[in-house]
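FYI, side chains are in, hydrogens and waters are out, and symmetry mates aren't considered; it's all heavy atoms of this structure. Because the structure is a prediction, the values reported are computed rather than measured. First listed ligand is number 1; within each ligand, the first listed atom is number 1. In this chain, numbering begins with 1 at the start of the sequence shown.
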Amino acid sequence: MPVTALKGVGPKVAERLARLDIHTVEELLFHLPLRYEDRTHVTPIGALQAGSEAVIVGKVELTEIRFGRRRMLLSRLSDGTGFITLRFFHFNARQQQALERGVELRCFGEVRRGKVGLEMTHPEYRQVDIDERVIDEASLTPIYPTTEGLHQLSLRNLTDQALQRLQSNQLHLQELIPAAMRDDSELPSLRDSLLFLHRPPPEVSLESLTAPDHPMRQRLAFEELLAHTLSLRQLRNRVRRHQAPALRQQGRLSSRFLAALEFDLTAAQQRVIAEIETDLSQASPMQRLVQGDVGAGKTVVAAVAVLNAVEAGYQAAVMAPTELLAEQHYRNFRQWLTPLGVEVAWLSGKLKAAERRTALQALISGSARVVIGTHALFQDEVVFQKLALVIVDEQHRFGVHQRLSLHEKGRQDGLYPHQLIMTATPIPRTLSMAVYADLDCSVIDELPPGRQPVDTVVVPGTRRDEVVARVHRACRENKQVYWVCTLIEESELLQCQAAEDTAAVLTEALVDVRVGLVHGRMKSEAKDVVMQAFKSGEIDLLVATTVIEVGVDVPNASLMIIENAERLGLAQLHQLRGRVGRGNQASACVLMYHGRLTGPARERLAVMRETTDGFKIARKDLELRGPGEVLGTRQTGMLQLRVADLQRDKSLIPEVSQLAERMLREHPDCIAPLINRWLGSANRYGNV
Ligand code: ADP
Ligand code: MG
């Protein structure tokens, strides 16, 4: 049934609905409220709280245009218990008139604290009669996602009509979760759930509706998660049907490499390597994610995979997210592989034209078997002689679409490369079952032996002198120290300046200490020189910005000072702190904060003090910020959810996963309509 079957939907409205990917009445029914507003009662102005949303009713005492930096219309509304200012930046003469002195208004909006008492900016308002003052709205007001030119009221009106048809059975919705499986999971019906979520009955409160275990909401959340999971699983299966070079060799190169290392692999590293090698030996492309905490030793695992490809006569590419990290990998790989007679090339966006040409030539001719670089690796001019493996390191922000385009990009003569993605942002297993449903996952759940947990303290900036003294002591004991200057406002420039200033001050204060400086605005060679000097022990104290956040590996560094730690998120703090405690000496981290701590900042710092376990920290981070923030919105392909919330609904995930597998096996016919219902035709990953 097309939307045009509804009253009030002409070509213009239909076009606007189409922008929301709504073409049919059924699609309209799956256009669910984003949130609800509680307009069920009027709040006396005197009882308003800043930060809340409220309905108020009152009389206009004064309306005037104020000419300041911006022209605005201010109205003062009072109801005998107090007054509030209504503020409008956009207004016309008609509005000005509607707000004239003496008029009674009913308003809804967010209450904020202004210079002179409470305010509402651009509230919704309408004129009311004295008698109407007491009439409250009976139930929660649904607020729909919308688009320009389509009002909430129109959407409410249209969904009213659609719901009527659903209720009177003029419209039949197909249950796409097969009946047997529905019974297993005791779900309410689709019809009831939709009716409920679009128009919550009067007795339902905002709290109960948004509670994790609300059955009607869960019913739809379940189906939505199922649709997303199926879409990712399907994608994985499609990729699996592609051909890849089967890398079956004896592991001569990798055993020589491992024998030359000064340590033995951990059991976890060995297990993950075995998983990877099994994948590589298949004639279909590996799509594997390796999660491992900071310092778990992912790089050697990557090197073994690379050597598998090389020994089989193919090439491998390793991509890192920053120049600094790519350079470090380049250095490591060259050092490891050159003795084995394997040539490693280097590609970054900053290479000179001639160097770049040489590198490209080495790849196309095949003289270079391995290339390390930044995303510059995947520009169109980069052509491989025979690529079999692509490794993406430390990229939790590498989403479905990027994985797919990399997959396509590496295609050569009908063969696709194997893909390995390594991340130091481990997430709980259930969550990864959902967001990484297109990948196979391995976890390095063990740190190399001898690692000592980093002793972490939180100190106020007022005790800076003590911190500097501690740094001094450490340097005199031949320890190496990082001093990290973090974001002051959202400006890289300011951050770099702060680092320069700090380095200057510390150089002056600590005359016998060799101080180095590295930040994002330095030339790449200059950065490299400093990092090398630090690594080789020619620098005692490295003042740095967050460029060192990810991957940097200097095992002898055992003290880290982080300034403005209160401004950083947990994931970032954990990454930074992971730069120390990599060797086997006792390490420490000082988290300095400035000013008074807010509640969430205090909580983050407390978590950092209590644990160094990346999984625990990730769980806490998810709790505090939610998966959208932690994993990067849109990156995982699962985050544009309408009803489901990965954090709130995580308990549904195992069952969703199981059901997805069963549907793929037993009810393949239901899959496409289900994906279509929830993801829309435009959004399907399979079309990329
Ligand atoms: P990450 O997983 O954070 O990328 P790295 O690969 O950089 O960790 O490894 C961290 C450090 O631990 C490196 O100095 C590396 O050489 C060392 N390392 C890796 N595996 C082991 C091991 N099994 N035993 C001892 N040290 C190891
Ligand atoms: Mg690493």
Side-chain angles (χ1 to χ4, degrees), residues 254-255 257-276 288-307 318-337 372-374 391-398 420-427 441-454 480 482 531-532 534-537 546-558 560 571-585 587 589 612-615 617-618:
S254 54
S255 10
F257 160 66
L258 292 173
L261 286 177
E262 65 237 35
F263 50 77
D264 294 326
L265 294 180
T266 62
Q269 283 170 318
Q270 285 172 18
R271 178 177 35 87
V272 171
I273 286 174
E275 285 163 1
I276 293 170
R288 186 167 288 277
L289 177 78
V290 172
Q291 302 189 61
D293 201 353
V294 175
K298 294 182 287 294
T299 321
V300 277
V301 171
V304 171
V306 162
L307 289 172
V318 181
M319 176 165 82
T322 65
E323 293 268 329
L324 199 65
L325 184 51
E327 272 159 23
Q328 176 182 288
H329 277 337
Y330 175 52
R331 200 171 298 282
N332 273 335
F333 276 81
R334 215 178 33 185
Q335 198 183 339
W336 286 335
L337 305 193
I372 316 285
T374 55
I391 298 182
V392 182
D393 187 27
E394 304 282 6
Q395 278 284 30
H396 59 288
R397 293 186 172 261
F398 204 69
L420 185 65
I421 298 174
M422 303 200 294
T423 169
T425 304
I427 58 173
C441 290
S442 295
V443 184
I444 307 182
D445 50 5
E446 178 186 1
L447 292 179
R451 292 281 163 83
Q452 310 212 9
V454 180
Q480 285 182 288
Y482 290 102
M531 286 313 296
Q532 269 328 102
F534 189 53
K535 196 156 192 164
S536 63
T546 45
V547 291
I548 58 146
E549 178 184 343
V550 159
V552 167
D553 184 41
V554 180
N556 191 45
S558 62
M560 172 173 281
Q572 209 179 2
L573 284 170
H574 179 60
Q575 278 290 336
L576 274 173
R577 185 176 57 183
R579 302 309 113 219
V580 292
R582 299 173 87 80
N584 41 20
Q585 51 180 323
S587 299
C589 178
T612 49
D613 179 332
F615 280 91
I617 291 175

Where does E446 meet ligand 1, judged by heavy-atom distances below 4.0 Å: at the side chain, the backbone, both, or neither? neither

Which of the numbered atoms in ligand 1 are under 4.0 angstrom from any heavy atom belonging to L265? 23 (N)

Quick one: does L576's side chain get under 4.5 Å of T546's, heavy atoms only? yes

Can R451 be said to touch ligand 1, with heavy atoms closer than 4.0 Å? yes

Answer yes or no: is there a side-chain heavy-atom contact under 4.5 Å between L337 and V306? yes

Can you check which of Q269, Q328, R582 brings a heavy atom nearest to atom 7 (O) of ligand 1? R582

Closer than 4.0 angstrom: is that true for some heavy atom of G292 and an atom of ligand 1? no

Can you find an N/O atom of G297 closer than 3.5 Å to an N/O atom of ligand 1? yes

So do the side chains of L289 and C441 get within less than 4.5 Å of each other, counting heavy atoms only? yes

Is there side-chain contact between R288 and E275, with heavy atoms separated by less than 4.5 Å? yes

Between D264 and Q270, does a side-chain hydrogen bond (donor to acceptor under 3.5 Å, both in side chains) hold up when you go through it step by step? CA-CA 10 Å; D264 294 326; Q270 285 172 18; over 6 Å; no

At under 4.0 Å between heavy atoms, is it the side chain or the backbone of V294 that contacts ligand 1, or both, or neither? backbone

For ligand 1, does M422 get within less than 4.0 Å through its side chain, its backbone, both, or neither, judged by non-hydrogen atoms? neither

Which part of K298 is near ligand 1, with near meaning a heavy atom under 4.0 Å away: side chain, backbone, both or neither? both

What do you reckon, is CG of D613 surrounded by more than 12 foreign heavy atoms closer than 6.0 Å? yes

Region of T299 that comes within reach of ligand 1 [heavy atoms, distance under 4.0 Å]: both

Measuring from non-hydrogen atoms of I444 to any atom of ligand 1, is the shortest distance under 4.0 Å? no

Under a heavy-atom criterion of less than 4.0 Å, does G295 contact ligand 1? yes

From CA spacing to verdict: side chain to side chain contact (heavy atoms under 4.5 Å, CB included), T612, H574: CA-CA 8 Å; T612 49; H574 179 60; 5.5 Å; no

With a 4.5 Å limit on heavy-atom distance, are the side chains of R331 and K535 in contact? no

Short list, please: which atoms of ligand 1 are under 4.0 Å from a heavy atom of T266? 23 (N)

Relative to the heavy atoms of D264, which atoms of ligand 1 are at a distance of less than 4.0 Å? 22 (C), 23 (N), 24 (N)

Does the pair T299 and D553 meet the rule for a side chain to side chain contact (heavy atoms under 4.5 Å, CB included), with working shown? CA-CA 10 Å; T299 321; D553 184 41; over 6 Å; no

